[in-house]
Amino acid sequence: MRGNRLRGIIVAMDMRQSPVVVNTPLGENSFFLEMRCALSPAPVPGQFVELAIDPCLFLRRPFSVSSYRRGTLGILYRVVGRGTHLLSQKKKGDILGVLGPLGRGFPSFPAASRVWLVAGGTGIAPLLFLLSRRKAASGDTTLFYGALTDRALFRKVLPAGNYRKVFSTDDGSCGEKCRITSLVRRHLEQERPDVLCASGPFEMMKEVACLADACGLPCYVSLENRMGCGMGLCFGCVAKVKTDTGWDYERVCTEGPVFPAERVVWEDEDSAR
Ligand SMILES: Cc1cc2nc3c(=O)[nH]c(=O)nc-3n(C[C@H](O)[C@H](O)[C@H](O)COP(=O)(O)OP(=O)(O)OC[C@H]3O[C@@H](n4cnc5c(N)ncnc54)[C@H](O)[C@@H]3O)c2cc1C
Ligand code: FES
């Protein structure tokens, strides 16, 4: 009964029927999918959309906006389960239901500010959009991007431009053989950005938050808690955040997914949810 009510509310939201333009395999079970979809208001970097992939799935699936230009929305995704597997089967002209843009994205940074973006694996997804916006504003931007192997570094989807790129892989097949956070730490010994933004595995973001805190730098992180409704109704996505009186839960889909890193209670991944 409650499930039916929730389904009714979810279906009533303004879902855009969006034809797939291209669904390009990137290797490592990952894809870049573009669809025709006029979002209103236009998304800002860090926001996400909910995709109705197939009628057999009760819940839509959340994906960060990786690109948005002239009514074409791009997402980068990795196949991890049934929904993303069905998504990987989509062909040009297939229709996806799109709800969004949702959530709160990154703040807009002054064009002249030095911004360091730190991405781990498919965590690059929301930062691609931020990178293309920074490039358009000619900002001073550095991308730190780490993955397990060269094949898992999706360099061909990085926006063109002369921003600085620093790569690392766990096996040394591209960039330095280390965790990307080691390179962030090393660069912080020599230079300082005005702000850091991180997206990727929980432990990576936790370490970036810790480095930023030690240097007194502002830092924003993009959380990817599992979601139910995606629009603030079910409280299935909450994360622990600090408040004036201690801590409380906030909804990642509504108050996030981007949070100031110093607000997040950085416990281990499971207890933070
Ligand atoms: C705000 C937000 C933005 C996201 N952006 C992207 C993106 O740009 N690209 C992308 O590839 N994925 C993104 N995700 C994760 C993506 O939504 C899930 O991978 C997807 O919903 C899994 O659906 P599924 O049916 O394939 O897997 P399911 O069958 O639902 O789950 C399979 C397994 O995937 C893992 N999983 C599922 N959901 C999540 C999650 N939210 N976080 C971590 N692990 C999960 C779990 O280990 C689970 O056991 C985002 C999630 C959130 C909350
Ligand atoms: S997913 Fe339902 S409240 Fe966030």
Side-chain angles (χ1 to χ4, degrees), residues 2-3 5-7 9-10 13 23-35 43-68 73-90 96-106 119-131 147 152 154 157 198-205 220-241 248-259 264 269-270 272-273:
R2 273 179 60 195
R5 264 212 306 272
L6 185 58
R7 189 194 290 262
I9 293 166
I10 292 171
M13 298 293 294
N23 195 7
T24 311
L26 301 175
E28 301 297 301
N29 264 334
S30 299
F31 294 78
F32 197 93
L33 183 145
E34 288 185 291
M35 62 206 108
V44 298
Q47 286 190 298
F48 67 101
V49 291
E50 286 262 325
L51 294 188
I53 297 169
D54 191 282
C56 74
L57 300 171
F58 173 60
L59 291 172
R60 296 178 305 262
R61 301 294 194 266
F63 297 93
S64 303
V65 175
S66 289
S67 64
Y68 185 72
L73 167 69
I75 60 160
L76 185 157
Y77 67 95
R78 194 158 79 87
V79 175
V80 295
R82 193 163 171 222
T84 42
H85 171 71
L86 288 166
L87 193 57
S88 72
Q89 310 291 301
K90 298 292 176 191
L96 294 168
V98 180
L99 190 66
L102 298 168
R104 287 192 193 152
F106 294 99
T122 46
I124 190 71
L127 299 184
L128 289 175
F129 193 25
L130 186 50
L131 260 177
F154 303 120
V157 297
S199 172
F202 186 85
E203 289 302 324
M204 184 208 85
M205 292 193 288
Y220 295 87
V221 293
S222 178
L223 301 184
E224 281 198 6
N225 289 23
R226 296 206 68 168
M227 289 190 175
C229 67
M231 60 181 72
L233 300 171
C234 71
F235 285 75
C237 62
V238 292
K240 275 187 183 176
V241 295
D248 204 347
Y249 287 116
E250 284 190 6
R251 295 162 299 182
V252 170
C253 67
T254 311
E255 281 81 35
V258 175
F259 288 89
V264 176
E269 189 165 4
D270 290 330
R273 292 177 175 177

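Remember, it's 1-based here, ligands and their atoms both numbered in the order they're listed. Numbers for residues simply follow the sequence, beginning at 1.
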Query - side chain to side chain contact (heavy atoms under 4.5 Å, CB included) assessment of Arg82 paired with Cys56 - result: CA-CA 10 Å; Arg82 193 163 171 222; Cys56 74; 3.4 Å; yes
Report task. Taking side-chain hydrogen bond (donor to acceptor under 3.5 Å, both in side chains) as the test, write out the residues that go with Gln47, two or more places apart. Result -> none
Query raised in the report: Got a sec, which residues hit salt bridge (Lys or Arg N to Asp or Glu O under 4.0 Å) with Arg251, two or more places apart in sequence or on another chain?
Result: Glu255
**Report entry** All ring-ring contact (aromatic ring centres under 6.0 Å, His included) counterparts of Phe154, not counting sequence neighbours
**Finding:** none
Requested in this report: From atom 25 (O) of ligand 1, work out which of Gly230, Pro126, Gly83, Pro257 has a heavy atom at the shortest distance.
Outcome: Gly83
Report task. Of the side chain and backbone of Ser64, name the one, both, or neither that has a heavy atom under 4.0 Å from an atom of ligand 1. Result -> both
Report summary line: Within a distance under 2.8 Å of atom 4 (Fe) of ligand 2, the protein atoms of type N, O or S are Cys237 SG, Cys253 SG
**Report entry** Parallel, tilted or perpendicular, as decided by the 30° and 60° cut-offs, for the rings of Tyr77 and Phe63
**Finding:** perpendicular
**Report entry** CA sep, side-chain torsions, deciding dist, call: Lys90, Ile53, side chain to side chain contact (heavy atoms under 4.5 Å, CB included)
**Finding:** CA-CA 9 Å; Lys90 298 292 176 191; Ile53 297 169; 4.0 Å; yes
Query - Within-4.5 Å side-chain heavy-atom neighbours: Met205 and Glu224 - result: no
Report task. Dump the intermediate steps for side chain to side chain contact (heavy atoms under 4.5 Å, CB included) on Asn29 and Thr84, then the final yes or no. Result -> CA-CA 10 Å; Asn29 264 334; Thr84 42; over 6 Å; no
Report task. Just do the side chain to side chain contact (heavy atoms under 4.5 Å, CB included) check on Leu59 and Arg61 with the steps written out, would you? Result -> CA-CA 6 Å; Leu59 291 172; Arg61 301 294 194 266; 3.7 Å; yes
Query raised in the report: Nearest heavy atom to atom 32 (C) of ligand 1: which of Asn225, Ile75, Ile124, Val80 does it belong to?
Result: Val80
Requested in this report: Name the option, out of His85, Met227, Glu224, that contains the heavy atom nearest to atom 6 (C) of ligand 1.
Outcome: Glu224
Report summary line: Nearest non-hydrogen contact to atom 9 (N) of ligand 1 from the set Leu223, Thr122, Leu76, Leu87 belongs to Leu76
Report summary line: Counting from 1 in the order shown, the ligand 1 atoms closer than 4.0 Å to a non-hydrogen atom of Thr84 are 24 (P), 25 (O), 26 (O)
Query raised in the report: Out of Gly123, Ser30, Pro62, who gets a non-hydrogen atom closest to atom 17 (O) of ligand 1?
Result: Pro62
